[in-house]
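See below for the structure under consideration.
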Amino acid sequence: MEDNRVIKTKDVNFFYGKFRALTDISMDFEKHRVTALIGPSGCGKSTLLRLLNRMNDLIDGTHVEGEVLFEGKNIYAPDVDPVEVRRRIGMVFQKPNPFPKSIFDNITYGPKLAGLGDRIELEALVEQSLRQAVLWDEVKDILGQSAMMLSGGQQQRLCIARALAMKPDVLLMDEPTSALDPISTAKIEELIQDLKKDYTIIIVTHNMQQAARISDMTGFFYLGKLIEYSATEKIFTRPDIKQTEDYITGRFG
Amino acid sequence: MEDNRVIKTKDVNFFYGKFRALTDISMDFEKHRVTALIGPSGCGKSTLLRLLNRMNDLIDGTHVEGEVLFEGKNIYAPDVDPVEVRRRIGMVFQKPNPFPKSIFDNITYGPKLAGLGDRIELEALVEQSLRQAVLWDEVKDILGQSAMMLSGGQQQRLCIARALAMKPDVLLMDEPTSALDPISTAKIEELIQDLKKDYTIIIVTHNMQQAARISDMTGFFYLGKLIEYSATEKIFTRPDIKQTEDYITGRFG
Amino acid sequence: MEGTRRTSTHYERELQDIKQNLLYSGALTEKAIENVTASLLDRSSDLARQVIEGDAEIDRLDTEIEEQCIRLLALRQPIARDLRFITTAIKINGHLERIGDMAVNIAERVLALNEVPQLKPYIDLPRMAEIARSMIRGSLDAFVREECELANRVRRMDSEIDTLNEQIFRELLTFMLEDARTIHRALLIMQVSKNLERIADHAKGIADMVVYMVTGINVRHQWPGEDHDDVCRTRREEG
Amino acid sequence: MEGTRRTSTHYERELQDIKQNLLYSGALTEKAIENVTASLLDRSSDLARQVIEGDAEIDRLDTEIEEQCIRLLALRQPIARDLRFITTAIKINGHLERIGDMAVNIAERVLALNEVPQLKPYIDLPRMAEIARSMIRGSLDAFVREECELANRVRRMDSEIDTLNEQIFRELLTFMLEDARTIHRALLIMQVSKNLERIADHAKGIADMVVYMVTGINVRHQWPGEDHDDVCRTRREEG
Amino acid sequence: MTRKLKEILIRRIFFLFACVSILILGLIVTFLFREGIPIFRVVSVKEFLLGSEWYPTFDPPAFGIWPLIVGSFIVTSFSTLIAVPLGVLSAVYISEIAPRPVKEIAKPVIELLAGLPSVVLGFFGMVVLAPWLQDTFDLPTGLNIVNASLMLALMAIPTISSIAEDALYAVPREFKEASYALGATKSETILKVIVPSALSGISTAVILGMARAIGETMVVLMVAGGAAAIPESLFDSVRPMPASIAAEMGEAPFRSDHYHALFATGIVLFLLTLAFNLIADYVSHKFRETGSGTL
Amino acid sequence: MALQTSMRWRYFKEGVFFGLVRLSAFLLTAALGGLLLYIFVNGLGVLSWDFLTLPPTDSMTKGGIMPAILGTLYLTTGAILVALPLGIVSAVYLTEYAKQGPLVRVIRVGVNCLAGVPSIVFGLFGLGLFVVFLQFGSCILSGALTLGILILPTIIGASEEALKAVPQTFREASLALGVSKWQTIVRIVLPNALPGILTGSILGIGRAAGETAPVMFTAAAFYTAKLPSSIFDEVMALPFHIYVLATAGTHIEATRPIQFGTILVLVGLVLGVDLIAIVIRSTMRKRKRW
């Protein structure tokens, strides 16, 4: 069963300068599951997510204590190349952020940099990724057009396809639907549930109902601490901790 | 009973240039009720809202057909001063938009320009408005400080207080919580339910659950048409129209 | 908008799962009634014991369906049609579980009856059982097909059962008054009949909920005669 | 976070309304049982009729509470504690309504009994009624106070009632066998007893739901003996 | 109603004020042409533009400004060649690579330097660069194309750098994050995402820098050497149009042919920069309309 | 293994690119820094109270530069008086009132074109209109008007930008409170845009002070010892003074120190003014949170 836990954090602390944004987070993320991280603004859920593929490296004056094990190896070990980590652990952001390039170029951006040059392979990859992201039918005839012309929901699915094209093991999602309307949101939620058969997904959401709908596991964060982490069904029907229950039932603060 | 309908729209059509954004909208808005307008993006709900206090005047190349009766008088009649209309029908926007002035000045801005000069009266008005917006206790000691220092949720309640200070009859709200976190949202929702005893509230929201939670009446819009308009409880338990049911149950598009 | 409904979502599949489980539970209770009737007629204690044992599965389903429903309420927060479906499912589930219990009750009486000689040939009881069974089937069919009319027909069948039950009661009373030795057996048969009548009640309860699910109108405290004709017509235009 | 719970929100007030209605309905059913027992003992047909008429109010409350619950499910989409509360409320409501119906059943038997001379002095029946009534009260108290232990105590009381019912049944059977003229009356009394037993069943059902509400554990198909001691202890730390 | 009337009145008055710019532009054209057109009674337009002899004070005078145009063109081109890479790369440095304290100082300093009066650069070119060039390359004069180009470049770099930095800074952080999240290195992110995304802003920066160079007077007046001939090497002197106008206007008798010829040169310069600006406007507009999505 | 080498290749390219970028940044710093340092070092020795307060003497080979400083101040002040009201009002019209239409597009293109006109052409225009046509002659008025027109587009641009930077939501909020458009502009829009407008204007002043070409024909005197008594007098101006000393004087080498001193004063003046603007802007940016 050891194998099933793709990512493990061990007593992770995270500091912005002297401010401790995360306190002693120890969490296991299981393969082929959707794990949701919820909690009020500033609870550290996004910070944790960005720490899992070293996106926090880009912010000055931060540092990490503890270990983040990805397939058993600490990604914060000195000999680990963060570029390599990010290739294995993809990320989708809050706002759809396609590059101002064609749909095709958006998807091949990562693979090309990683050395994939063969046009036929690239085309196959584009189709496969777009199909996985349930976008192929909508864009197959306009692959050469700018990604900026797509609707918000389509852009976000394109971003998912772009991440999938790197064939990552894990997909991190940082409030991927908070900028979308309900219909696009529903599509992305369906997609996430489809994707979990092939990927391990960790999603931050401030929409509790979304966590309820799509996740298998839910972790509730408050003030940088992991308050409760358990099966989503349990969290939403009979959480163990009162703080969790107060938060999800809206009796908080 | 005639009296109870503060605002009535009669066969209202609205055009952006040649594009007809609203088609034959006839709706009555009752006094001391919260009426929610829901529907997918671009369905015309926000357009209708902005039409009710002539905020759409600010957009070039638009025109209105039909009548919008406020207390029996068509606000689009040529002799009506839109400034006067807006004074009677307040509005709260999607993003909190306090002026970069002190809290006190924010609230007295409108009344002062409307001619209220007496300091004591103004102070009483500020307290009253802030109390109504359930913000008084949080800001009573910092009335002189900039409104920009408040949190997002506090800013939005300040905007509500600012609108209330004009003593309007109707309060229009355009997705007032879409930029806020769940906790601030919950506070604003409570507030809206408190306010309806004194005001008529019309709210646009793309969060259906929000409409369910706070409104008495709900109108569902699609493609610029009013599909169904009825008591919220009815809409959410047994809507008459299949389109409505498909939309609210997420089976849409 | 018509015809563009998406291929079944995960949510819809979960709703379908509940429906399937309910139908399975319904089939089990029907079978239980069939078996218990057969055990009565054939004086087969084995069959009766089978029914008693079989109830564990119905109970298991009861728990499972209820958990599924609460899970869905908690995680999917259904509204409108879906909410009516879930509340209906919870109620139907409760009714089916009770029907299973009644079947067990009957089976226990049958075991007792099998210990003693048969009082009389059973004519009305199998008819009652058959009606009760067809009420269950009918109400579940109505549930699956969301047919208000069919549910209404089931609701009206309840009075037939009531009549039969009363008839049996009076007949047995006569037996008892005539011959004190029949009292014990007659009481047992009375209980069988009473249980069948209650099964029919539950079937009617299921039908009531189907009417609610389809129309959104609560008819539980309203007798089928009252204005059932209108109930189904108030249903809105579909699409 | 403790102590900062806000002054009751509109949502919480709606939840409270349901609780109030349930308690009101509970009080009505208790009263109905009290009245129907008194009508039996005092042979007061007026009181019995009062019980029958009073059921309309319980039915009305049943409908109202159910509507409130579905309304809340639709509009507030409760989860966790609140969802358990609502599902519990729906179930309790169903039980109370059934209890009301049983009281009516009993009242109808009382009316029939009042037509004929009293068979014997009632000793066990009032005791049963008292236990049933205290089970209802106990389960509702447990509901209000969210006390798992109390609910468990109610659940254990059910066996007492079952014993009494069986005792009454055997006693009446003796009467019937001895004197055929008592059969009609004995049957009526049997039904009264049976109904009381079912009332107690429903009270236990309420207690089951309270255990579920407080602990999140489903004990419906689990007998109080089984491991009820643990159930309440599995409850998490409060706060 | 009075409120409405007041609003309308205010609007009208404001409109009149806004029209002043147009009026001025019209006046500029009018007066340039009024004072410049008379020269074409003396020479034809073709002769004026393409004539390779500029001897306005000779007798008979020659009014061919082709050497001036070539001079302008050459110094502008060379300064652009120097300024664009330096300006853009230093913009990249400031916005993407520099440590935060450097960034915070460099940005306003660059902006400050964009405001350096051109006469200062001209002076520096004259006093420092020219003697150095003369000595190092053993030239007859240090006032030549190289000197002017370098000084013009130095003048244009802060402008280019500052505008380009704005454009780079305006690239949404989301693009960067997306690129990193896809396993790109920092330089790949800069070259393949950030710079392309800022391309419209960068090209505006380049065009504006060029426009500034072509219209610049004092630098070329002071360091270009002033030879009104078509240059044969980079170390030759040239006499770009603005230099010619500035230098000779003082000496040209009022309303003489020379005077008119200088105004006509002004017309050419004006039209040239006008064209430049319209192109810049078009480019930035086109990019904006398509949401810079056609890269 | 192949992947590893590919990573190594990618990091090599990264190193080369960053080297290039750093080099250009260094070159730029060295060039401009060296230039400023050179001027500073050479000019500092000349600076004295007399240098700043006395007029030039001995064919400008001795004495101070006071008339030139004053002239520059007069010219720039005049330019601001012309350009500021005109520019702000135009910008308000363009951002607040103008509806999209051909006329507005013409105005906008006009402003853009005006911004691109070379300063020498402004000089010619000033000469043609003010000096010759209106017969003001070469004087403060002509120079100030020319410079004012020169910086008008800068001020319109800066003001427009500042006005556009005022969030649309502020306007909506004000209008929704039943406040008229004019009041909204006066009470909300302009106060919030003011820092931006000021910054733009001050940068405009810096530009006006440093301009040489336009004043050459319209205002600047080669040499005049007397101070102007009216706006119809000629004045000296710092930039022109430098140009004159450096190129046209008879004692170019002898006046070198004076040239450096003048340069330093001019640079100090212009950069000082610009610095003020930049400081104002950065503090404003830090303070505002929208």
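What you are looking at is a predicted structure, and each value in this text was computed from that prediction instead of being measured. Computation of the quantities below employed the complete heavy-atom set of this structure, encompassing side-chain atoms and omitting hydrogens, waters and symmetry-equivalent molecules. Chain letters run A, B, ... following the sequence lines, proteins first and then strands; every chain starts at 1.
The local environment of NZ in Lys19(D) is crowded, with over 12 non-hydrogen atoms from other residues, nucleotides or ligands closer than 6.0 Å. Remark: Lys234(A) NZ is packed, more than 12 non-hydrogen atoms of other residues, nucleotides or ligands lying under 6.0 Å away.
By the side-chain contact (heavy atoms from CB on, under 4.5 Å) test, Lys95(A) is found to be paired with Ala179(A), Glu174(E), residues two or more places apart in sequence or in another chain being considered.
The two atoms that bring Tyr11(D) and Thr249(A) nearest to each other are CE2-O, 4.2 Å, heavy atoms only.
With values rounded to the nearest 0.5 angstrom, Thr237(A) atom OG1 is found 8.0 Å from Leu83(D) atom CG.
Inter-residue side-chain proximity for Arg238(A) and Thr215(D) is flagged as unmet; no heavy-atom pair is nearer than 4.5 Å.
A donor-acceptor contact shorter than 3.5 Å links the side chain of Glu245(A) to the backbone of Arg81(D).
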